[in-house]
Amino acid sequence: MSGVRVLGGEVERGDEVLTPDALEFVAGLHRSFAPEHATLVRRRAQRRTLGFLPETRAVREGDWRVAEAPEPLRDRRVEITGPTERKMTVNALNSGARVWLADLEDANTPHWHNVVSGQVNLRDAARGTIGFTSPEGKRYALRDDVERPAIVVRPRGWHLPERHLEVDGAPAVGALVDFGLHFFHNASLGRPYYYLPKMESHLEARLWNDVFTAAQQRLGVPHGTIRATVLIETIPAAFEMEEILHELRDHASGLNAGRWDYLFSVIKYFRDAGPDAVLPDRDSITMTAPFMRAYTELLVRTCHKRGAFAIGGMAAFIPNRRDPEVTGNALAKVRADKTREAGDGFDGSWVAHPDLVPVCREIFDGVLGERPNQLDVLRPEVSVTAGQLLDFASTGGATTRAGLESAVDVGVRYLMSWLGGNGAAAIHNLMEDAATAEISRSQLWQWVHNDVVLDDGTPVTADLVREVLAGVREKLEGDHLDPAVELFEQVALADEFVDFLTLPAYERIG
């Protein structure tokens with residue numbers, strides 16, 4: 001394999017996915033698309049005044065639709081998300097959901113073992129041969145009495161490299177590693193479906209479309225076999241929803257309201273824009289906040305106008321089978337969340353736990369009836385302006401000491417989990433992924449740099465954050481505590497804002 005070096009250690013059954021032909025396929029994608037990828041990632045640093053693009057008005061006003069969905073993706077009323085860890089893979093496939101978002105991104109970590117074993121598990125899952133036996137001897141196997149969901153794989157975002165795999169002396173693009181290995185080994189089975197995260201422009205969607213076209217040509221797969229759902233989880237992408245669908249129209253399946261990363265993106269983009277852009281405690285920012293409501297309503301209208309599916313956001317609440325009160329609270333909040341989404345015209349939504357699948361399904365069943373989706377709900381009454389998407393001042397809520405303490409506590413707890421190789425962490429009865437820590441640390445950075453005063457009159461300073469951080473360090477224990485505290489302080493308080501905390505975190509793992 002000329003120019004290709006695998007620098008990561010051995011992983012059980014890794015030779016089944018890191019074959020010479022698969023690695024050459026990934027290297028070919030990298031060589032073809034890494035230059036444009038680098039240009040687009042650099043372009044992100046050129047922050048601009050946000051608005052609907054005048055140069056793409058013809059796309060927004062044109063008469064076009066995305067390709068018709070393949071049968072496995074026509075009914076997406078309930079989707080379960082989770083990492084590709086082996087036991088979780090079996091549980092997801094047995095959950096009764098219509099779709100499993102197999103997450104190689106924010107619910108995963110880029111430890112080399114996770115990168116490779118995730119591909120092994122996806123290969124087995126696609127062939128129906130996956131099973132798992134716990135160290136205690138408990139057996140997990142695929143059930144015959146449950147219809148298996150369509151598997152939709154989420155590769156890493158464009159910003160992350162894969163430093164355990166070099167092509168011509170440079171780290172491979174992480175997204176191309178994840179996509180390339182999965183597509184190479186599973187495209188012949190006929191269901192190469194993907195979720196695309198963290199895009200910031202239609203130009204990045206164009207790059208993905210070019211990758212898809214080339215990958216299909218190189219393996220002799222018919223054009224349009226790949227189908228992609230795009231997460232609208234950055235504020236720049238909210239202004240380019242139609243353009244993103246247009247770029248991917250032969251391969252597009254829909255858009256997803258990636259609410260937590262979207263909130264992080266809002267904070268990041270307007271972190272130094274002054275007091276009018278400062279947001280309150282995370283818990284105060286609900287999906288009924290005006291700017292969040294504008295975002296989701298625009299997404300549904302855009303999707304259905306173009307024949308694409310609108311998929312709702314994550315219900316992070318998780319039940320606890322040992323605590324009926326916690327379970328009751330989780331079910332009530334999930335029910336309210338999914339009822340709102342189904343009523344708004346979404347075609348389906350996400351849950352993070354198998355016990356929540358019946359709740360989401362029941363609500364969408366009640367709205368859909370015999371229909372597989374709500375593509376006929378066009379929402380012509382919706383007209384969203386740039387000002388509504390940027391109306392942060394109407395959010396309401398407060399900035400409190402409890403909110404600050406929670407941000408530090410949850411951020412550190414999550415980073416302890418992340419550094420240990422677990423990207424999906426149950427924290428205070430919520431299933432959290434990397435977006436949690438991103439919101440936590442970016443809010444603190446924004447509060448410190450905008451001289452925010454808590455509702456009790458206390459100024460938010462770097463010293464106050466360090467004081468709370470020291471208290472959290474004293475309260476917690478476990479592996480990776482010290483590096484998690486150091487990393488959180490770095491990404492929350494550094495003079496220069498770090499675009500993604502996973503970049504410095506990646507430098508701390510083997």
Side-chain angles (χ1 to χ4, degrees), residues 66-85 88-108 118-119 121-128 130 147-157 175 178-187 189-199 205 208-209 211-212 215-216 221 224-233 244-245 248 251-258 261 303 308-314 346-352 354 357 360-361 364 372-373 423-424 433:
V66 303
E68 185 177 357
E71 190 278 330
L73 294 180
R74 291 177 187 170
D75 187 333
R76 303 177 63 170
R77 67 189 66 199
V78 54
E79 304 192 356
I80 190 167
T81 73
T84 51
E85 187 270 336
M88 289 188 175
T89 295
V90 176
N91 287 341
L93 294 176
N94 286 338
S95 68
R98 296 282 186 165
V99 166
W100 171 42
L101 186 158
D103 198 358
L104 299 173
E105 199 226 9
D106 271 4
N108 193 37
Q119 294 287 345
N121 296 339
L122 287 169
R123 192 171 185 271
D124 289 350
R127 290 158 179 79
I130 193 164
E147 184 178 356
R148 292 174 198 161
I151 299 172
V152 182
V153 176
R154 177 162 70 170
R156 279 169 282 185
D178 294 343
F179 163 75
L181 288 176
H182 179 265
F183 185 74
F184 182 86
H185 289 295
N186 301 288
L189 301 179
R191 294 187 178 189
Y193 305 148
Y194 300 93
Y195 256 112
L196 304 180
K198 294 183 176 52
M199 280 195 276
W208 265 120
N209 197 69
V211 170
F212 292 161
Q216 290 166 140
V221 174
T225 302
I226 292 173
R227 293 304 169 94
T229 306
V230 176
L231 293 112
I232 301 299
E233 54 185 356
I244 287 169
L245 284 175
L248 285 159
H251 300 109
S253 178
L255 303 177
N256 171 275
D261 271 294
C303 284
F309 297 107
I311 309 300
M314 167 66 78
F346 280 93
D347 300 290
S349 193
W350 283 7
V351 297
V357 168
C360 185
R361 183 173 56 226
F364 276 89
N373 51 62
D433 68 11

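Numbers for residues simply follow the sequence, beginning at 1. Not measured: the values here are computed from a predicted model.
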Discussion item. Restricting to non-hydrogen atoms, name the atom on Leu255 and the atom on Leu245 that form the minimum distance, rounded to 0.1 Å.
Written reply: CD2-CD2, 3.8 Å
Worksheet entry | For the student: nearest non-hydrogen atoms of Thr225 and Gly190, plus distance | CG2-O, 4.4 Å
Discussion item. Can you give me the closest heavy-atom contact between Ala308 and Asp347, atom names plus distance?
Written reply: O-OD2, 4.3 Å
Practice prompt. State, to 0.1 Å, how close Ala352 and Met314 come at their nearest heavy-atom pair, and which atoms those are.
Written response: CB-SD, 3.5 Å
Discussion item. I'd like to know if the side chain of Asp103 reaches the main chain of Gly82, judged simply by a donor and an acceptor atom lying under 3.5 Å from each other, with no hydrogens or angles considered.
Written reply: no
Discussion item. Please report whether the ring centroid of Phe212 lies less than 6.0 Å from that of Phe183.
Written reply: no
Worksheet entry | Leu196 and Leu248, any side-chain heavy atoms less than 4.5 Å apart | yes
Response to the item:
Smallest heavy-atom separation, Ala126 atom then Asn186 atom, equals CB-OD1, 3.5 Å
Item to complete: Go through Ile244 and Ile232 one step at a time and tell me if the side chain to side chain contact (heavy atoms under 4.5 Å, CB included) criterion holds.
Response: CA-CA 10 Å; Ile244 287 169; Ile232 301 299; 4.1 Å; yes
Worksheet entry | Contact check, side chains of Thr84 and Val153, non-hydrogen atoms, under 4.5 Å | no
Discussion item. Within the structure provided, determine whether Ile226 and Tyr194 are in side-chain contact (heavy-atom separation under 4.5 Å).
Written reply: yes
Worksheet entry | Donor-acceptor contact present, side-chain Glu233 to main-chain Lys198, <3.5 Å | yes
Worksheet item: Do the side chain of Asn373 and the main chain of Arg74 share a donor and acceptor less than 3.5 angstrom apart?
Response: yes
Discussion item. Please report the interatomic distance CZ(Phe309) to CG(Leu73), rounded to the nearest 0.5 Å.
Written reply: 7.5 Å
Worksheet entry | Straight-line distance of Phe184 CZ to Arg123 CZ, nearest 0.5 Å | 10.0 Å
Fill in: Distance, nearest 0.5 Å, that separates CG of Asn121 from CE of Met88
12.0 Å
Worksheet item: Under the side chain to side chain donor-acceptor pair (under 3.5 Å) test, which residues partner Ser253, sequence neighbours left out?
Response: Arg76
Practice prompt. Would you mind reporting whether Trp208 and Met199 have side-chain heavy atoms less than 4.5 Å apart?
Written response: yes
Item to complete: Show your working on side chain to side chain contact (heavy atoms under 4.5 Å, CB included) between Ile151 and Leu122 and close with a plain yes or no.
Response: CA-CA 9 Å; Ile151 299 172; Leu122 287 169; 4.2 Å; yes
Item to complete: To the nearest 0.5 angstrom, please state how far the CG atom of Leu93 sits from the CD1 atom of Ile80.
Response: 9.5 Å
Discussion item. What verdict does the side chain to side chain contact (heavy atoms under 4.5 Å, CB included) test give for Leu104 and Gln119, after you've listed the backbone C-alpha separation in whole Å, the side-chain angles of each residue and the deciding distance to 0.1 Å?
Written reply: CA-CA 9 Å; Leu104 299 173; Gln119 294 287 345; 3.8 Å; yes
Item to complete: Would you name the heavy atoms of Ala107 and Pro83 that are closest together and state the gap between them?
Response: O-CB, 3.3 Å
Worksheet item: How far does CZ of Arg227 sit from NE2 of His251, to the nearest 0.5 angstrom?
Response: 8.0 Å
Worksheet item: Do NZ/NE/NH1/NH2 and the carboxylate oxygens of Arg154 and Asp106 come within less than 4.0 Å?
Response: no
Worksheet item: Sequence neighbours excluded, which residues qualify as side chain to side chain donor-acceptor pair (under 3.5 Å) partners of Asn256?
Response: none
Discussion item. With side chain to side chain contact (heavy atoms under 4.5 Å, CB included) as the criterion, how do Trp100 and Ser95 come out once you've worked through the C-alpha distance, each side chain's angles and the decisive distance to 0.1 Å?
Written reply: CA-CA 9 Å; Trp100 171 42; Ser95 68; over 6 Å; no
Practice prompt. Look up atom CG in Asp178 and atom CG in Asn108, then write down how far apart they are to the nearest 0.5 Å.
Written response: 8.0 Å
Item to complete: Please list, chain by chain and in numerical order, all residues satisfying side chain to side chain donor-acceptor pair (under 3.5 Å) with Trp350, sequence neighbours excluded.
Response: Glu79, Tyr195
